[in-house]
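First the structure, in the form of structure tokens, and then the observations on it.
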There are 2 protein chains.
Amino acid sequence: MKSRNDTIKIDGIDKKILRFLMKDARKPVLEIARNIGISGAAIHQRLRKLEASGLLAGSKFVINPKVMGYTTMAYIGIFLDKAMSNPAAVKQLEKIPEVLECHYTTGNWSILIKVLCRDNEHLMQVLNKEIQRIEGVSRTETFISLAQQIDRQITI
Amino acid sequence: MKSRNDTIKIDGIDKKILRFLMKDARKPVLEIARNIGISGAAIHQRLRKLEASGLLAGSKFVINPKVMGYTTMAYIGIFLDKAMSNPAAVKQLEKIPEVLECHYTTGNWSILIKVLCRDNEHLMQVLNKEIQRIEGVSRTETFISLAQQIDRQITI
DNA sequence: TTTGAAACATTTTATTC
DNA sequence: GAATAAAATGTTTCAAA
């Protein structure tokens with residue numbers, strides 16, 4: 001099932017199934033079955049295997065934040081005083097719901113985060129009252145996303 | 001249905017439903033119904049309304065790229081020669097499957113992209129043979145994500 | 001808006017090839 | 001691996017409250 005570098009072999013049928021479900025997680029297996037000319041049970045079995053392999057990491061409903069009044073997305077590069085305060089800083093960042101992603105990165109900053117706020121004022125509050133107050137955070141650089149033109153998953 | 005700033009009013013029941021489905025898009029509506037003590041038909045109707053409002057923007061199967069051998073994620077800040085070449089650059093970026101996100105940003109760069117590659121060598125090829133060759137791209141700054149500790153959607 | 005019930009469709013499992 | 005079939009479960013619609 002797995003090749004020597006621990007990746008998984010998936011064939012063309014697996015790919016077709018995944019491509020359908022990556023676009024619409026609630027697409028009925030039977031509908032996919034009709035589309036690709038294989039029985040629903042066969043697809044069901046393949047999905048169980050893909051799940052067991054860890055390739056399928058679940059499914060999600062996608063929410064449009066704009067409709068909820070969240071229109072300001074930004075990336076924030078964070079400089080930390082000492083490398084040792086990293087895990088502690090992440091713990092604090094986890095408590096801020098506006099923080100959607102957090103990466104340890106090479107380069108200028110210690111950490112790069114993605115935040116989603118209602119507007120610029122909200123973003124300013126999150127910066128000044130939440131992020132800047134975290135122990136070890138010395139400086140930040142903010143990049144507001146004026147528009148997002150690409151948003152997709154890995155191509156299968 | 002919508003307040004004067006065009007956001008949507010959702011009540012506690014809507015939130016409960018959404019929280020279930022944001023975690024697992026394939027969770028049966030009837031199961032959610034049993035959990036929150038309301039009929040399946042009621043949930044079905046609420047979901048139709050949420051979908052009509054645009055708040056529900058579909059669903060996705062989530063794939064674990066590591067299992068497919070994609071282990072190097074990076075953010076790349078791109079400097080463009082002239083502002084006018086922006087849309088053309090995005091068009092070229094769309095053709096590169098390793099590019100998962102693309103944002104117009106305030107700050108240093110014109111564009112910030114997120115890329116997913118198999119390894120550092122693959123990343124180098126994408127940088128040198130794909131991104132740097134795009135008309136108008138003058139310089140790039142790469143930040144490799146050594147680890148991602150937070151990855152979530154907006155909190156409902 | 002909610003419910004319950006009927007009609008319809010899908011999922012899941014066992015069996016067989 | 002895949003197909004079929006049967007049982008269990010889920011979805012969808014609608015009339016009534």
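As a basis for the values below, the full set of heavy atoms in this structure was taken, side chains included, without hydrogen atoms, waters or symmetry mates. Below, chains carry the letters A, B, ... as their sequence lines are ordered, and counting in each starts from 1.
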| remark: Taken to the nearest whole Å, CD/B:E31 to P/C:dT12 is 10 Å

| SB check A:D11 A:R46 (cutoff 4.0 Å) | yes

| query | With a non-hydrogen cut-off below 4.0 angstrom, is B:A41 in contact with a base, only sugar-phosphate, or nothing? | reply | base

| query | Taking atom P of D:dG10 as reference, at what distance in whole Å does atom CG of B:D24 sit? | reply | 13 Å

| message | So, does B:K49 get its side chain near the phosphate of C:dT1, meaning an N or O under 4.0 Å from OP1 or OP2? | response | yes

| Rounding to a whole Å, what distance do you find between B:L21:CG and D:dG10:P? | 14 Å

| message | Is the ring pair B:H103/A:Y75 parallel, tilted or perpendicular, if the boundaries are 30 and 60 degrees? | response | perpendicular

| task | Using heavy atoms to find the nearest nucleotide of DNA chain D for A:D11 and B:Q45 separately, return the residue whose nucleotide is more 5′. | result | A:D11

| remark: Testing D:dT4, C:dT11, C:dT1 for proximity to the side chain of A:S39, the answer is D:dT4

| With distance as the sole criterion, is a donor-acceptor pair present between the side chains of B:Q132 and B:T140 under 3.5 Å? | yes

| query | Does C:dT2 have OP1 or OP2 sitting under 4.0 Å from an N or O in the side chain of B:R46? | reply | yes

| Between A:L47 (CG) and C:dT10 (P), how many Å, whole number? | 15 Å

| said: Closest-nucleotide mapping onto DNA chain C: is A:R34 or A:R48 further toward the 5' terminus? I mean the 5' end. | reply: A:R34

| Starting at CD1 of A:I43 and ending at C1' of D:dT4, how long is that distance when rounded to a whole Å? | 15 Å

| said: Under a 3.5 Å cutoff, is there a donor and acceptor pairing between the side chains of B:N86 and B:S110? | reply: no

| said: Does C:dT12 have its OP1 or OP2 closer than 4.0 Å to a side-chain nitrogen or oxygen of A:H44? | reply: yes

| message | Measuring from the side chain of A:A42 (C-beta onward, heavy atoms only), which nucleotide among C:dT2, C:dT11, D:dA2 has the closest atom? | response | D:dA2

| field | Rounded distance in Å - CD (A:E51) to P (C:dT11) | value | 14 Å

| query | B:I36 has an atom CD1; how far is it from atom P of C:dT1, in whole Å? | reply | 15 Å

| query | Between C:dT2 atom C1' and B:I32 atom CD1, what is the distance in whole Å? | reply | 17 Å

| query | Counting only side-chain N and O atoms of B:R26, is one of them less than 4.0 Å from OP1 or OP2 of D:dG10? | reply | no

| Heavy-atom neighbours of B:E51 CD exceed 12 at 6.0 Å | no

